[in-house]
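The analysis underlying the following values was restricted to heavy atoms, covering all of them including side chains, and did not include hydrogens, waters or symmetry mates. All of these numbers come straight from a predicted model, not from anything done at the bench.
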Amino acid sequence: MDASVRYPELFLPPEERTPDSFWTSLRYFNFYRIAVATLFLTITLVYGDSLSLGSHALALFRYTSLAYLAAAVFAHGVLRNLRDRFNVQLSLHAALDVMAITLLMYASGGIRSGLGVMLVISLTGAAIVAPRRLSFLYAALAAIALLLEQGYWVLAHDASATNFLQPGLLAIGCFATAGVTSWLAQRVAANEALARQRGRSLETQTRVNQLVIEDMHDGVVVLDREGKVVQHNPQAQRLLGAQRLLGAPIGELLPGFGAATDFELRGRHIGVRLLDSGNDELFSVLFLEDTTRSREQAQQLKLAALGRLTANIAHEIRNPLAAISHAAELMVEERRDADRARLTRIIHDNTLRLERLVSDVLQLNRRDRLSTERVALQPWLVAFIEEFVANESVPPERFVVETAGDAAIEFDPGHLHQVMWNLLRNAVRHARTEPRSVRLVVRAIGDRVELSVIDNGPGVPRSSQGQLFEPFFTTDSKGTGLGLYLARELCAANRARLEYVHQASGAHFRVVARSAAKP
C-alpha cells in the first residue's frame, strides 16, 4: 500500500496543518545541529581523543562529525528553499540525529561516554513540533539504536550483559521525554490555534463594525473619562465641522454639551445621545444625529396641504387684486382730496402686499421647475447689484464684492436671482446706512463654492435663529414671512444649502453650492 495513503497525516500539504512557527522552530534546531557537529569536529581535530571523544575509534568519530555537519548544512538549504512535507523533513532530521549520535557514542566508548543524553535533547526538539505518534516513533528509534549499540558491544567486544541497564533506563527516559514534551507542545499549539482563530474572528468583527460605523448616517464619537475624543467616524467629522477631532474636548466642539440634547451647529440641527460603555476604562459613546432632514420632511408634510390650498387661492384672488389696484388708481385721478388720497394709498399698499404674498406662494410651486446653468459669479454679481440698486433705490457704495477669481456654480439663474434678492433686501434693511455696510464674499472650497451675504447690523438674536427659515416667520410688519423659507427651498432644489452663520456682530447668510466645471 502507498505510504501516503496508509499514513495520510505524514504527507499532508503544509498549508493545511503546518504553521510558520513550526518551520521556524525546525530551522533553529537545525542551527543547533550544525553547532554541535562543528564543535565535535573541532575538538577532535584540536585535542584528538584526549577529552574521551572518539576514544574508541577517533577516525570514525571525525568522519561521523563531518558527515553530520554536511547533512545539517544540506538540511538547512532544503529548509530555506522547500516549504513542503514538514513531517517528512522532521522525520529525516530525527533519524539523522539518532544515527549520528549513536555512531558518535560508539566511537567514544559506548554508553559510558555520556553522549546518549544528547538523544534526549534531539527527541525533545522533535517532539515540540511533531504529532504525538511521530514523537513516540522517534523515541522507539532512539531506544532501538541504544539497545543495538549496546548489543554490538556485548557480541563483538565481550562486554558484560549487565551493562544493558543503563541503555534501558535511557530508552525509558527517551519515551518519557517524548511523551511529556509532545503533550505540553500540543496543548500550547491548541491554545495558539485557538488564539489565532479568535484573533481572526475579532479582526473580522472589528472590520465589519468599522465598515458599519463608517457608513452610518449618524455620527459616532468615543470619549475618554476626560471628555476628549479618542475615536470617531467620518460622519461625525462632517456634522461637527472640525478639521481634527482626535484629542479635542467635546465641550469645545459642542458648546453647552451636557445641559442640552439638541444643538444648532453650522445651520443644522443635531441631536445627541450619550451611552456609557459600562466598563472600567470609562469610555463613553456619543451618537450625533442630523435631525435637519427629518425636521424638513415633517415641515413639508405640514405644508403640503397648505401649499395646494394656497396655490388654488392665489389663482382665484389674483385677478380681483388687479382690479382693485386699477380702481384705486382711477380714484386718485378723479378725486384728489386728502381723505380720498389716503384711502387709495392704503388700498394700493395692501394690494401690493397681497401681490407679493401671492407671488411668493406661487414660487413655492415652481421650485422644482429649474434649469441649471454654469453661473460665473464675478460678472453675475456685478450685473445683479446694478439691477438691485436701480430697483430698490439703494446707493451702490453700500455694497462691496469679494470674489475668488473665476468661481462658478451650477444653479438656475432665475432661482439664484430670487435667493440673492431676498438676502440683499434683508441685509439692506438691517445694516447701517454707511458705505460698505453689506459684503458679498465668494470662497471656493474643494468642489463647493460659498456665497455669503454679510451685513454690519445687529444680527439675528439666538432666540430667533432656530425659526429663521420657518414659513410665515417675520420680524417686519410689512413682510410676508416667506422670503427666507422660499430662498432655502430654491437652494435645496438646486442641490445647494442656505444657512445662517452666527457671529459676534451682524448677520451672515451663506449659500453653499456645487462648483461648476470650467467650460
message = Has S437 got a side-chain atom pairing as donor or acceptor with T433's backbone, closer than 3.5 angstrom?
response = no
message = How about CZ on R374, more than 12 heavy atoms from neighbouring residues, nucleotides or ligands closer than 6.0 Å, or not?
response = yes
query = When the ring centroid of H76 is compared with that of F31, is the distance short of 6.0 Å?
reply = yes
inquiry  = Using the rule given for side chain to side chain contact (heavy atoms under 4.5 Å, CB included), can you reason through R497 versus V511, listing the C-alpha separation, both sets of side-chain angles and the distance that settles it, and then say yes or no?
reply    = CA-CA 6 Å; R497 184 173 74 250; V511 177; over 6 Å; no
Kindly list each side-chain donor-acceptor pair under 3.5 angstrom involving residues 399-408, sequence neighbours excluded, with atom names and distances?
residue : atom : partner : partner atom : Å
E402    : OE2  : R439    : NE           : 3.4
T403    : OG1  : Q378    : OE1          : 2.5

task = Taking all heavy atoms of A185 and all of A127, pick out the closest pair and write down the distance.
result = CB-O, 3.9 Å
query = How far does CD of E489 sit from CG of L486, to the nearest 0.5 angstrom?
reply = 8.0 Å
query = Which is it for N30 and H93 under the side chain to side chain contact (heavy atoms under 4.5 Å, CB included) test, yes or no, and what are the steps along the way?
reply = CA-CA 8 Å; N30 195 64; H93 289 186; 4.3 Å; yes
request  = Give the C-alpha distance, both sets of side-chain angles, the deciding distance and a yes or no for side-chain hydrogen bond (donor to acceptor under 3.5 Å, both in side chains) between D455 and H430.
outcome  = CA-CA 8 Å; D455 64 62; H430 295 98; 5.8 Å; no
message = Taking salt bridge (charged side-chain N to carboxylate O under 4.0 Å, His left out) as the cut-off, I'd like each qualifying pair that reaches into residues 375-398, sequence neighbours left out, listed once.
response = E392-R425
inquiry  = When you compare the side chain of P379 with that of V382, does any pair of heavy atoms fall below 4.5 Å?
reply    = no
query = Rounded to the nearest 0.5 Å, how far apart are OG of S182 and CG of L134?
reply = 9.0 Å
Over all atoms of both residues, closest heavy-atom pair of L377 and I409 = CD2-CD1, 3.9 Å
inquiry  = Can you confirm whether R443 is buried at CZ, in the sense that more than 12 heavy atoms of other residues, nucleotides or ligands lie under 6.0 Å from that atom?
reply    = no
inquiry  = Applying side chain to side chain contact (heavy atoms under 4.5 Å, CB included) to V285 and V221, what does each step give before you reach the verdict?
reply    = CA-CA 6 Å; V285 181; V221 179; over 6 Å; no
note = For A126 and L90, the nearest pair of non-hydrogen atoms, with its separation, is O-CD2, 4.0 Å
key: Spatial distance of atom CG (L423) from atom CD (Q418) [nearest 0.5 Å]   = 10.0 Å
ask   = Looking at CD of E373 and CZ of F411, how far apart are the two atoms once the value is rounded to the nearest 0.5 Å?
value = 12.5 Å
task = Report the C-alpha separation of V441 and V453 in whole Å, then their side-chain angles, then the decisive distance to 0.1 Å, and conclude whether the side chain to side chain contact (heavy atoms under 4.5 Å, CB included) test is met.
result = CA-CA 7 Å; V441 181; V453 178; over 6 Å; no
inquiry  = Within this structure, what is the CG-CD1 distance for the pair L440 and I454, rounded to the nearest 0.5 Å?
reply    = 8.5 Å
request  = Measure the shortest side-chain to side-chain distance between S452 and R510 over non-hydrogen atoms and say whether it is less than 4.5 angstrom.
outcome  = yes
Parallel, tilted or perpendicular: ring planes of F86 versus F22, cut at 30 and 60 degrees = tilted
request  = Answer yes or no: is there a donor N or O on one side and an acceptor on the other, between the side chain of N494 and the main chain of A496, under 3.5 Å?
outcome  = no
request  = Can you sort out the partners of R436 under salt bridge (Lys or Arg N to Asp or Glu O under 4.0 Å), two or more places apart, ordered by chain and number?
outcome  = none
query = Can you say whether the rings of W380 and F384 are parallel (under 30°), tilted (30 to 60°) or perpendicular (over 60°)?
reply = parallel
query = What's the shortest heavy-atom distance between A431 and N456, and which atoms?
reply = CB-OD1, 3.5 Å
ask   = Are the ring centres of H508 and Y500 closer than 6.0 Å?
value = no
key: Contacts of type side chain to side chain contact (heavy atoms under 4.5 Å, CB included), residue P249, not counting sequence neighbours   = E252
query = Do the side chains of I385 and P396 get nearer than 4.5 Å, heavy atoms only?
reply = no
query = Taking atom CG of N422 and atom CZ of F509, what is their separation to the nearest 0.5 Å?
reply = 10.5 Å
request  = Using the salt bridge (charged side-chain N to carboxylate O under 4.0 Å, His left out) rule, collect all pairs that involve residues 181-194, keeping only residues at least two apart or in two chains.
outcome  = E192-R196
query = Quick check: are there more than 12 heavy atoms from other residues, nucleotides or ligands sitting under 6.0 Å from CD of E434?
reply = yes
query = Given side chains that start at C-beta, do those of M420 and L451 come closer than 4.5 Å, heavy atoms only?
reply = yes
E410 with R514: basic N within carboxylate O range, under 4.0 Å = no
Which residues share a side chain to side chain contact (heavy atoms under 4.5 Å, CB included) with F74, sequence neighbours left out = V78
